Amino acid sequence: MNEISVSATSPSNIAIVKYWGKHGNQLPNNPSISFTLSRCHTQTHIKATPNAQQNYNLSFLFEGQPSPKFQEKIEKYLVDNQQYFGFLKGLDLEVESSNSFPHSSGIASSAASMSALVLCLLQIEKAVNSDVTPIDMRKASMLARLASGSAARSVFPVMALWGATHSVPDSSDQYAVPLTDIVNPVFKTYHDSIMIVSNKEKSVSSRVGHSLMNGHPLAEKRYATARENTERLLKVIKTGDLEGFIEIAEAEALQLHEMMATSTPPYKLIEPNTLSIIDSVRKFRQQTKIPVCFTLDAGPNVHLLYPEASVAAVKELIESELLKYCHENRWIDDVVMNNEIK
Ligand code: PMV
């Protein structure tokens, strides 16, 4: 066999209904729905060279530099899930990865990096076993989920649903499904402007955050609300109901951080400037009726979500009101991915 060289680009995503709490082998305690982004992505390249051994060796460079932490994460992933990666036997893997967004933007997109890695690995499988064509995107989503739950949703454009819910018959806890066919055109034009409140690595990882949902006094109520919000959001994204969207997105974001504030031990990832941005956005919406809303990831940065028709008004809001709350006036101007992922 000759050397195999593969590349994949995979985006980050922003959840509207949040996945927070898991069980078993990376299975979600409630369904989640996200927008797939287009400008925040990871590009990964793997060179696979046949060796004379029965095993594989791996080297990893992130933006041209060795990254022992990430290398260890990939090695552990491949060992834990070796039943899916038999085709890597006898190959040396040189993995190189880079992000489109700056390192120190406080955006640690494991969704983008792990889904890009999986898409590369599946291309290697396809090259090794010529009968595996084309790449099965459900399998890609399932393997991405095993690396990082939210990564399951990044392999599909526009919007994806991960987790079984009754109104979508092929939905599953094992993998995400694309919602492209049901999404109202207005949501395909959505922008996500990310206000960088802090560029520091978060003090409590998502891994620890998920585990603090076990035994959390509000956990069952939270999962029930997320299930209801999933069903509501599915209707809203079909009909293009922007008010319904705003209500769900903001309630979900605040509930995620409420879970953190009421866990044992409690913790807080939002900062005073996060709240100042939220207040400004709500005030602006009330005054102008421009349908801009916010969501939050597990961190202090604020994602502003709004349709294409509101771009000029929101840009004016960002520049005149919000940049002063951002670290070094930084923000990332992203939009929903509206074409096929390569
Ligand atoms: O995929 P993880 O384990 O990093 O968890 C992601 C959790 C949130 O980003 C807070 C919510 C979500 O659904 O993406």
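These numbers come from a predicted model, not from an experiment. Order of listing sets the numbers, starting from 1, for every ligand and every atom in it.
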Student: Other than L27, what residues sit in its cluster of Ile, Leu, Val, Met, Phe, Trp and Tyr side chains whose heavy atoms are under 4.5 Å apart, directly or through others?
Tutor: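 Via sub-4.5 Å side-chain contacts, L27 links to none.
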Student: If you count the non-hydrogen atoms of other residues, nucleotides and ligands that lie under 6.0 Å from NZ in K324, is the total more than 12?
Tutor: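 Correct, the count exceeds 12.
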Student: Salt bridge or not between K315 and E308? Use side-chain N to carboxylate O under 4.0 Å.
Tutor: no
Student: Less than 6.0 angstrom separating the ring centers of W162 and Y175, yes or no?
Tutor: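 Distance test on ring centres: not under 6.0 Å, no.
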Student: With the criterion set at N/O pairs under 3.5 Å, what does the list of contacts between the protein and ligand 1 look like, atom names and distances included?
Tutor:
unit_1: ligand 1; atom_1: 1 (O); unit_2: S148; atom_2: OG; d: 3.3
unit_1: ligand 1; atom_1: 1 (O); unit_2: S150; atom_2: N; d: 2.9
unit_1: ligand 1; atom_1: 1 (O); unit_2: S150; atom_2: OG; d: 2.7
unit_1: ligand 1; atom_1: 3 (O); unit_2: H210; atom_2: NE2; d: 3.1
unit_1: ligand 1; atom_1: 5 (O); unit_2: H210; atom_2: NE2; d: 3.0
unit_1: ligand 1; atom_1: 9 (O); unit_2: D297; atom_2: OD1; d: 2.8
unit_1: ligand 1; atom_1: 13 (O); unit_2: Y19; atom_2: N; d: 3.0
unit_1: ligand 1; atom_1: 13 (O); unit_2: R153; atom_2: NH1; d: 2.9
unit_1: ligand 1; atom_1: 13 (O); unit_2: R153; atom_2: NH2; d: 3.2
unit_1: ligand 1; atom_1: 14 (O); unit_2: R153; atom_2: NH2; d: 2.7

Student: Could you list the cluster mates of V314? Members are the ILVMFWY residues connected by side-chain heavy atoms closer than 4.5 Å, either directly or through other members.
Tutor: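 Once heavy-atom contacts under 4.5 Å are chained together, V314 belongs with M195, V197, L254, I270, L275, I277, I278, V281, F284, I290, V292, F294, L296, V302, L304, Y306, V311, L317, I318, L322, L323, Y325, W331.
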Student: Scan the side chains in residues 259-266 for donor-acceptor partners under 3.5 Å anywhere in the protein, sequence neighbours excluded, and list what turns up.
Tutor:
unit_1: T262; atom_1: OG1; unit_2: H216; atom_2: NE2; d: 3.2
unit_1: T262; atom_1: OG1; unit_2: E258; atom_2: O; d: 2.7
unit_1: S263; atom_1: OG; unit_2: M260; atom_2: O; d: 3.1
unit_1: S263; atom_1: OG; unit_2: P265; atom_2: O; d: 2.9

